[in-house]
Protein chains: 2
Amino acid sequence: MTVPPGRRERKKAATRQKIADAALRLFLERGYDAVGIRDVAAEADVAVTTLFSHFASKEALVFEQDQDFEQRLTQAVTGRAPHEPLLPTLRREIHALVRHCTADGAAPVWHMIDASPALREYEESMRLRHAESLATAIAADPGRSQTTTACRTIARFVIDAYALAREAADPEAAVDEIFRMIEAAWETASPSPLM
Amino acid sequence: MTVPPGRRERKKAATRQKIADAALRLFLERGYDAVGIRDVAAEADVAVTTLFSHFASKEALVFEQDQDFEQRLTQAVTGRAPHEPLLPTLRREIHALVRHCTADGAAPVWHMIDASPALREYEESMRLRHAESLATAIAADPGRSQTTTACRTIARFVIDAYALAREAADPEAAVDEIFRMIEAAWETASPSPLM
DNA sequence: TTTTTAAACCCTAACCGTTAGTGTTACGGT
DNA sequence: ACCGTAACACTAACGGTTAGGGTTTAAAAA
C-alpha cells in the first residue's frame with residue numbers, strides 16, 4: 001500500500017500546501033478578515049478556482065489539517081484494547097488534543113480564530129460533525145447497551161469538554177473536572193444499576 | 001412601564017413584521033435557497049438596506065423571535081421560587097420548548113431548517129450564545145458553589161439536551177433521559193459529597 | 001409654534017466569497 | 001504514440017452584505 005506517489009499527486013499536494021502556507025502567512029500578517037480570497041490566490045500564484053478545488057471555503061484554509069481530530073477520536077474508541085473502559089480512553093485523547101492546541105506554537109493561530117466570528121462558527125459546526133462521528137463509533141462499540149440517545153448525548157458532552165477546556169484558565173484541570181461529570185452521566189445511562 | 005409607544009416605533013415594528021412575514025411566506029413557498037434577499041425585500045416593498053437594518057442576516061429572518069428562547073431559559077433560572085431546585089426547573093423549560101417546536105404548526109418551518117445547512121449552522125451558533133447566557137445565569141444563582149467551569153458545562157449540556165431531543169424519535173422521553181444524565185453530572189460537580 | 005435633531009427609510013454601487021462555463025496543459029494508463 | 005482525464009487557468013457572474021449619500025417625518029428643544 002502507499003505506492004510511490006506519481007508526479008501528478010506530488011504536484012497536487014505541493015499546490016495545496018503552497019495555498020495553505022500562503023493563506024496562513026497572510027492571515028497572520030494582516031488578519032483573517034483583512035485578507036481576501038483573491039489575495040491568497042495571488043500570493044500562492046494560483047487561480048481562485050484552483051484554490052476552491054483544494055479547499056471548500058475560506059475558513060477551511062485555517063483548519064487545514066483538522067480531519068485528524070475526527071479520526072483520532074473515533075479511532076481512540078474503535079481501536080482500543082478489549083475491555084478497556086470507554087471514558088478514560090476518551091479523556092486521555094481529549095487531554096492530548098487540548099494540550100496540542102494550547103501549545104505555544106499554536107497560540108497565534110488560535111488567537112486569530114478567537115478573533116473572528118466566522119472562524120468560531122465554522123469551528124463549532126466542525127465539532128458538531130465530530131460529535132456525530134463519535135456518537136456512531138460509541139454506538140457501534142461491542143458489549144454495550146446504552147440507548148442511541150445516550151450515546152449521542154455522551155458524544156456531545158465529550159466534544160463540549162474539548163471546547164470548554166480550551167477556554168478555561170487551566171485547560172488540563174478543566175478536562176478532568178468535566179470528565180468527572182461525564183463519567184457520572186454515563187453511569188446513569190447504563191441500564192444495569194437498580195434494575 | 002410600557003408607555004404607549006409612539007407612532008414611530010409602531011411603524012418600525014410594522015415594517016419589521018412585514019419583512020418577516022414576506023420572508024417566511026416566500027421561503028415556505030419556494031424554498032429557502034431559491035429565494036434571494038432582493039426577492040424578500042421586493043415582496044415586503046422595502047429597500048434591501050432597510051431589510052438589513054432590521055435583520056442582521058438572511059438566516060435571522062427565519063429565527064425571528066428566538067430571542068425568547070434565551071430569555072425563557074435565563075428567566076427560568078433567575079426567576080424561580082427560592083429553594084426550588086435548578087435542574088427540574090430547567091427540565092420543565094426544555095420540555096416546553098421542545099414541545100413548542102415539535103408542534104404540528106411548526107413542522108414546515110423546521111423541515112425547511114433541517115433542509116438547509118446554512119440554517120442548521122446558524123441555529124447551532126445561536127445555541128452557543130444561549131448556552132453562554134445560561135451559564136452566566138447559573139453562575140449568578142445564589143447559594144451555589146460550583147466552579148465556573150461546572151456551570152458552563154451544565155449550561156452546554158442543557159442546550160445539548162434541547163438539540164438532541166428535537167431530533168429523537170420520542171422527543172419528550174429523550175428530554176427526560178438526557179436530564180437524568182445531567183442531574184448525575186451536576187451532583188458530581190457539587191462540592192459537598194464525601195468531602 | 002417653530003425649529004432642530006435624528007431615526008427610519010430609499011437608491012445606487014460596490015465588495016467579497018463562491019460557482020459555472022469553457023479551455024488548456026500534462027500526467028498516466030494502454 | 002495515443003487517449004482519457006485530472007489539475008489548473010480565465011472570465012464572468014451570482015447572492016449576501018455594506019458603504020455612501022440623500023429624503024422624509026416623528027419627536028424633542030426652542
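Residue numbering restarts at 1 for every chain, and letters A, B, ... go by the order of the sequence lines.
- For residues 116-124 of chain A, proximity to DNA chain C is found at no residue, defined as any non-hydrogen atom under 4.0 angstrom from a strand atom.
- OP1 or OP2 of D:dC8 has at least one side-chain nitrogen or oxygen of A:H54 nearer than 4.0 Å.
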- [ ] Start with the C-alpha gap between A:E183 and A:R91, add the side-chain angles, then the distance that decides, and say whether salt bridge (charged side-chain N to carboxylate O under 4.0 Å, His left out) holds.
- [x] CA-CA 10 Å; A:E183 294 259 15; A:R91 184 171 54 81; 5.2 Å; no
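- Under the 4.0 Å criterion applied to side-chain N and carboxylate O atoms, B:K58 and B:D33 are not assigned as salt-bridge partners.
- Using a 4.0 Å heavy-atom criterion, one finds that A:D45 contacts the sugar-phosphate atoms exclusively.
- B:I37 places its CD1 atom 17 Å from the P atom of D:dC14, with the value rounded to the nearest Å.
- A salt bridge does not link B:R92 to B:E172: none of the charged nitrogens lies less than 4.0 Å from a carboxylate oxygen.
- Going from atom CG of B:L51 over to atom P of D:dT17 covers 9 Å, rounded to whole Å.
- Shown here are the side-chain hydrogen bond (donor to acceptor under 3.5 Å, both in side chains) partners of B:R127, two or more places apart in sequence or in another chain: B:E123, B:E124.
- Put simply, chain B comes within 4.0 Å of DNA chain C, heavy atom to any atom, from C:dA6 to C:dA14, going 5' to 3'.
- When each of B:D160, B:I94, B:L87 is checked for a side-chain contact (heavy atoms from CB on, under 4.5 Å) with B:I182, only B:L87 meets the rule.
- Listed nucleotides D:dG20, D:dT25, D:dG15 differ in distance to B:R8; the shortest reach to its side chain belongs to D:dT25.
- Residue-level contact check: A:S57 touches the backbone only, with heavy atoms under 4.0 Å from sugar-phosphate atoms and none from bases.
- Residues that satisfy the side-chain hydrogen bond (donor to acceptor under 3.5 Å, both in side chains) test with B:D39, not counting sequence neighbours, are absent from this structure.
- The six-membered or imidazole ring of B:Y162 lies near that of B:F69, with a centre-to-centre distance under 6.0 Å.
- Looking at heavy atoms from C-beta onward, B:V77 lies out of side-chain contact with B:T89 at the 4.5 angstrom threshold.
- The nearest heavy atom of DNA chain D to B:F52 and to A:K11 marks one nucleotide each, and the one closer to the 5' end goes with A:K11.
- In this structure A:R30 satisfies the side-chain hydrogen bond (donor to acceptor under 3.5 Å, both in side chains) test with no other residue, sequence neighbours excluded.
- If B:V35 and B:R7 are placed on DNA chain D by their nearest nucleotide, the residue sitting closer to the 5' end is B:V35.
- Here B:V46 lies in heavy-atom contact (under 4.0 Å) with sugar-phosphate atoms only.
- Looking at B:E167 and B:R120, a side-chain N of the basic residue comes within less than 4.0 Å of a carboxylate O on the acidic one, giving a salt bridge.
- For the pairing with A:Y32, the ring pair (Phe, Tyr, Trp, His ring centres under 6.0 Å) check across A:F63, A:Y122, A:F27 returns one residue only, A:F27.
- Remark: B:T15 in residues 13-34 of chain B come within less than 4.0 Å of DNA chain C through at least one heavy atom.
- The nearest whole Å value for the distance from the CZ atom in B:R38 to the C1' atom in D:dT18 is 11 Å.
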